[in-house]
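For reference, the structure is listed below as structure tokens.
Scope of the values below: all heavy atoms of this structure, side chains included, with no hydrogens, waters or symmetry mates. FYI, the numbering just counts along the sequence from 1.
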Amino acid sequence: MTTTEITHSTFTLERHYAAPPATVFSAWADPSVKARWFAGPDAEHELDFRVGGRERAIGRHDGTVLTFEAHYQDIVPGERIVSCSTLSAGDALSTVSITTVEFVPDAGGTRLVLTEQGTYLPGHEQPAWREQGTASQLDALAAELDAAATRG
């Protein structure tokens, strides 16, 4: 019998955005906006943003097809989003996660708190990679919000 070890990990990322919570929340809820900062220009992205709805992004990394799929469990407009998600590399399930995103009014803007609890299956993604990738997405969100403020 082969023994494989599963890794469990939790991380929390915080960001401050100059935009109010409703604007930051909208960047998660609007399919065209979220596709720009979350999935990137070369990925396929679908978003049905409602409790019971699904999000799916398909892209490539180092030649491997990555498929992210989330199901929304709880949405309170302008306050929080809770979802369960999977990430697959090719046909192999890599991670299963629960993610909570909180939007807190703070100093004329929004303090976003993202907490992810993940199960990382052997031979695939590492918790540090997921945290780094999620941090990069939150940085892309900042650029999207800045660009939107410039457009007015």
Check for a donor-acceptor pair, side chain of T110 on one end and backbone N or O of F103 on the other, with a separation under 3.5 Å.
no
With distance as the sole test, does W28 use its side chain to make a donor-acceptor pair with the main-chain N or O of I81 at under 3.5 Å?
no
Can any side-chain N or O of S26 pair as donor or acceptor with the backbone N or O of A22 at less than 3.5 Å?
no
If we only count heavy atoms from C-beta on, is the S85 to F68 side-chain gap below 4.5 Å?
yes
With no hydrogens and no angle check, is any side-chain donor or acceptor of E69 less than 3.5 Å from a backbone partner on T86?
no
Using a distance-only test with no angle check, is there a side-chain donor-acceptor pair under 3.5 angstrom linking T64 and D62?
no
Out of curiosity, T95 OG1 to Q126 CD, how far, rounded to the nearest 0.5 Å?
11.5 Å
Using every non-hydrogen atom in the two residues, find where S32 and D30 come nearest and quote the distance to one decimal.
OG-OD1, 2.8 Å
Sidechain-backbone polar pair: H16 side chain, D106 backbone, donor-acceptor under 3.5 Å
yes
Please report the shortest heavy-atom distance between S97 and R130, naming the atom on each side.
OG-NH2, 3.7 Å
Checking E116 against T99: is there a side-chain donor and acceptor pair closer than 3.5 Å?
yes
Looking at CZ of F11 and CD of Q117, how far apart are the two atoms once the value is rounded to the nearest 0.5 Å?
10.5 Å
With a 4.5 Å cut-off on side-chain heavy-atom distances among I, L, V, M, F, W and Y, is there a chain of contacts connecting L141 to V82?
no
Shared ILVMFWY cluster between V96 and L66, side chains joined below 4.5 angstrom?
no
Should L138 and I98 be counted in the same cluster of Ile, Leu, Val, Met, Phe, Trp and Tyr side chains packed under 4.5 Å apart?
no
Close side-chain approach of D139 to W37, heavy-atom, < 4.5 Å:
no
Should L114 and V104 be counted in the same cluster of Ile, Leu, Val, Met, Phe, Trp and Tyr side chains packed under 4.5 Å apart?
no
What I want to find out is whether D74 reaches R80 closely enough, with some N-O distance under 4.0 Å, to be called a salt bridge.
yes
Interatomic distance, H71 atom NE2 to D48 atom CG [nearest 0.5 angstrom]:
10.5 Å
Does one side chain, of E55 or Y72, offer a donor that lies under 3.5 Å from an acceptor on the other?
yes
Same cluster (ILVMFWY, side-chain, under 4.5 Å), V113 and L13
no
Which pair of heavy atoms, one from Q73 and one from V51, lies closest together, and at what distance?
O-CG1, 3.6 Å
Nearest 0.5 angstrom please: I58 CD1 to D42 CG, how far?
14.0 Å
Going from CD on E125 to OG1 on T7, what distance comes out if it is rounded to the nearest 0.5 angstrom?
11.0 Å
Residue E14 excluded, over 12 heavy atoms near CD under 6.0 Å:
yes
Give the minimum heavy-atom separation between F25 and E79, together with the two atoms involved.
CD1-N, 4.3 Å
Side chains of L121 and S94 in contact at under 4.5 Å (non-hydrogen atoms)
no
Which heavy atom of P122 sits nearest a heavy atom of E5, and at what distance?
CG-O, 3.1 Å
Rounded to the nearest 0.5 Å, what's the gap from CZ on F38 to CG on L47? Could you check?
9.5 Å
